[in-house]
Amino acid sequence: MNQKIILVTGASDGIGKETAKTLASQGHTVILHGRNKQKTEAVFNEIRRETGNQNVSMLIADFLSLAEVRRFAMQIRQQFDHLDVLINNAGAQFTERRETTNKGYEKTMTINVFVPLLLTTLLLDVLKKSPSARVVTVSSASHAMSGKPFLDDIELKQNYTMSRAYALSKLYVIWMMRHFVKEMQQAGVRSITFNSVHPASAPTSLGREATKSLKWRIIYFLWKPIMISVAKGASSSIRAAVAPELEGVTGKYFGPKGEEKVNEKYYSVENEEIVWKYCQEVIRPYLG
Ligand SMILES: NC(=O)c1ccc[n+]([C@@H]2O[C@H](COP(=O)([O-])OP(=O)(O)OC[C@H]3O[C@@H](n4cnc5c(N)ncnc54)[C@H](OP(=O)(O)O)[C@@H]3O)[C@@H](O)[C@H]2O)c1
């Protein structure tokens, strides 16, 4: 089997942890990202112990800070001469009250859109050094329930609700990954693929903030019977990361049962361009 160097963000819990553990058990070199050192170290030890794979390492960064994302990317660039797979898995939902980072960015858009875009951009150099690299970004089936995007209010200053922010962030990140395909084609780079995935609905800690409210505790409780296992949920990311039959496949969207259609109701080249330009303005200070 072709062993790869794979970075999994948000590998300290849920789908990211399951993804990292399976890829480590397949013999790949796996870099675990987490934000909490103690929690990530426990996962790091568990994966090494259970898989017997010693080519597992860990790095810490809080993705609510774009400066930390930059520092984290620089560490990867220093420690690894190339990267075969980047799995943008870290993601979050917040509460019904709009929250911002200490730089004033809306938190859901930050973790679910700005960070994958910034991290992918900062790691392009090491991805280009792989003969065949893959960027896999974890979106959500809920992108289809976003409702109409507010393209003059991307960070939802006037129009925030928790579910709208989450669903729109997962729609925008699919658009951003497809935009990367065009950017790379224009730059003549054919060795990197960009696909988005969704894990269906799996019982993880994703609702930890939302379920502080009774309304969302009830919604999560009612949702439980239709959830699939975390392992099944992670299968979308794992397949997109390493399946030989997906070699060279780019710009697609996969779920646990295979390729799916993105909801294109609100898609247009112009809308994608608006979001891309907005995000570029946000990440620009962290690129150079
Ligand atoms: N579970 C589902 O049903 C479902 C459905 C659709 C899409 N998704 C997507 O799947 C991905 C994984 O989510 P999950 O369900 O596995 O949730 P999870 O159990 O909450 O795991 C999320 C991971 O992201 C990390 N993370 C959260 N905030 C972070 C921050 N500020 N900085 C750095 N890392 C941070 C978490 O770290 P800690 O361990 O420190 O919290 C954890 O490792 C997300 O992109 C999510 O949107 C999940």
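Whatever order the structure lists ligands and atoms in, that order sets their numbers, starting from 1.
Remark: ligand 1 atoms within the under-4.0 Å shell around heavy atoms of Leu64 are 31 (N). For ligand 1, the atoms lying closer than 4.0 Å to a non-hydrogen atom of Val138 are 9 (C), 10 (O), 11 (C), 45 (O). Using a 4.0 Å cut-off to heavy atoms of Arg208, the atoms of ligand 1 that qualify are 20 (O), 41 (O). Which parts of ligand 1 touch Lys39 is read off a 4.0 Å heavy-atom cut-off, strictly below it: atoms 38 (P), 39 (O), 41 (O). Applying the 4.0 Å criterion to heavy atoms of Ile111 picks out, from ligand 1, the atoms 28 (N), 29 (C), 30 (C), 31 (N). Applying the 4.0 Å criterion to heavy atoms of Asn89 picks out, from ligand 1, the atoms 11 (C), 12 (C), 44 (C), 45 (O). Annotation for ligand 1: atoms under 4.0 Å from non-hydrogen atoms of Asp62 are 30 (C), 31 (N), 32 (N). Here is the list of ligand 1 atoms found below 4.0 Å of a heavy atom in Tyr166: 6 (C), 7 (C), 8 (N), 9 (C), 46 (C), 47 (O).
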Step-by-step side chain to side chain contact (heavy atoms under 4.5 Å, CB included) determination, Val173 to Ser196: CA-CA 8 Å; Val173 82; Ser196 299; 5.5 Å; no

Determine, stepwise, if the pair His143 / Tyr253 fulfils ring pair (Phe, Tyr, Trp, His ring centres under 6.0 Å). CA-CA 12 Å; His143 81 271; Tyr253 174 62; 5.2 Å; yes

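Considering each of Gly10, Ser139, Ser236, the one bringing a non-hydrogen atom nearest atom 7 (C) of ligand 1 is Ser139. Comparing Ala202, Ala234, Ala200, Gly207 against atom 5 (C) of ligand 1, the shortest heavy-atom distance belongs to Ala200. Between the choices Gly91, Gly16, Gly14, the shortest heavy-atom distance to atom 22 (C) of ligand 1 belongs to Gly91. Atom 28 (N) of ligand 1 has its nearest heavy-atom neighbour, among Gln93, His198, Arg35, in Arg35.
Taking 4.0 Å as the cut-off, Met227 does not count as a neighbour of ligand 1 on heavy-atom distance. Ligand 1 does not have Gly34 within reach: every non-hydrogen atom of the residue lies 4.0 Å or more from it. Residue-ligand proximity: His33 is placed with a non-hydrogen atom under 4.0 Å from ligand 1.
Scored by the side-chain hydrogen bond (donor to acceptor under 3.5 Å, both in side chains) test, Tyr105 finds no partners at all (sequence neighbours excluded).
Contacts with ligand 1 closer than 4.0 Å are made by backbone heavy atoms (N, CA, C, O) of Ala61 only, the side chain lying farther away. Residue contacts with ligand 1, taken as heavy atom pairs separated by less than 4.0 Å, do not involve Thr9 at all.
Distance from atom 15 (O) of ligand 1 to its nearest protein heavy atom, with residue and atom name: Thr204 OG1, 2.5 Å. Here the protein heavy atom with the shortest distance to atom 36 (C) of ligand 1 is Ser12 OG, 4.1 Å. Among protein heavy atoms, atom 16 (O) of ligand 1 sits closest to Ile15 N, 2.8 Å. Protein heavy atom at the shortest distance from atom 32 (N) of ligand 1 is Phe63 N, 2.8 Å. At the top of the distance list for atom 19 (O) of ligand 1, counting protein heavy atoms only, stands Ser205 N, 3.2 Å. Protein heavy atom closest to atom 18 (P) of ligand 1, with residue, atom name and distance, is Leu206 N, 3.9 Å. Looking only at heavy atoms of the protein, atom 4 (C) of ligand 1 is closest to Pro199 CG, 3.7 Å.
Counting heavy atoms from C-beta outward, Leu168 and Leu156 have side chains that approach closer than 4.5 Å. Looking at Lys129 and Asp81, their side chains never come closer than 4.5 Å, going by heavy atoms from C-beta outward. Residues Val115 and Leu66 are in side-chain contact: their nearest non-hydrogen atoms beyond the backbone lie under 4.5 Å apart.
Ring centroids of Tyr172 and Trp276 are separated by 6.0 Å or more, keeping the two rings apart.
Between Lys170 and ligand 1, at least one pair of N/O atoms sits closer than 3.5 Å. Residue Ala92 has no nitrogen or oxygen atom sitting less than 3.5 Å from a nitrogen or oxygen atom of ligand 1, judged on distance alone. Ligand 1 has no nitrogen or oxygen under 3.5 angstrom from a nitrogen or oxygen of Ser140.
Ion pair Asp84/Arg134 not flagged as a salt bridge, since none of the NZ, NE, NH1 or NH2 atoms sits closer than 4.0 Å to an Asp/Glu carboxylate oxygen. With respect to the salt-bridge test (charged N to carboxylate O, under 4.0 angstrom), the residues Glu68 and Arg35 do not qualify. Contact check on Arg178 versus Glu264 returns a salt bridge, with a Lys/Arg side-chain nitrogen under 4.0 Å from an Asp/Glu carboxylate oxygen. Looking at Glu46 and Lys21, a side-chain N of the basic residue comes within less than 4.0 Å of a carboxylate O on the acidic one, giving a salt bridge.
Linking ILVMFWY residues whenever their side-chain heavy atoms come closer than 4.5 Å, directly or via other members, leaves Met177 and Phe254 in distinct clusters. Clustering ILVMFWY residues whenever any of their side-chain heavy atoms sit less than 4.5 angstrom apart, transitively, puts Val242 in a cluster other than the one holding Val135.
Taken from CD in Glu260 to OG in Ser139, the straight-line distance is 10.5 Å, to the nearest 0.5 Å.
Ring geometry for Phe63 versus Phe72: interplanar angle over 60°, hence perpendicular rather than tilted (30 to 60°). Between Tyr267 and Trp175, the angle of the ring planes goes over 60°, which puts this pair in the perpendicular group of the 30/60° scheme.
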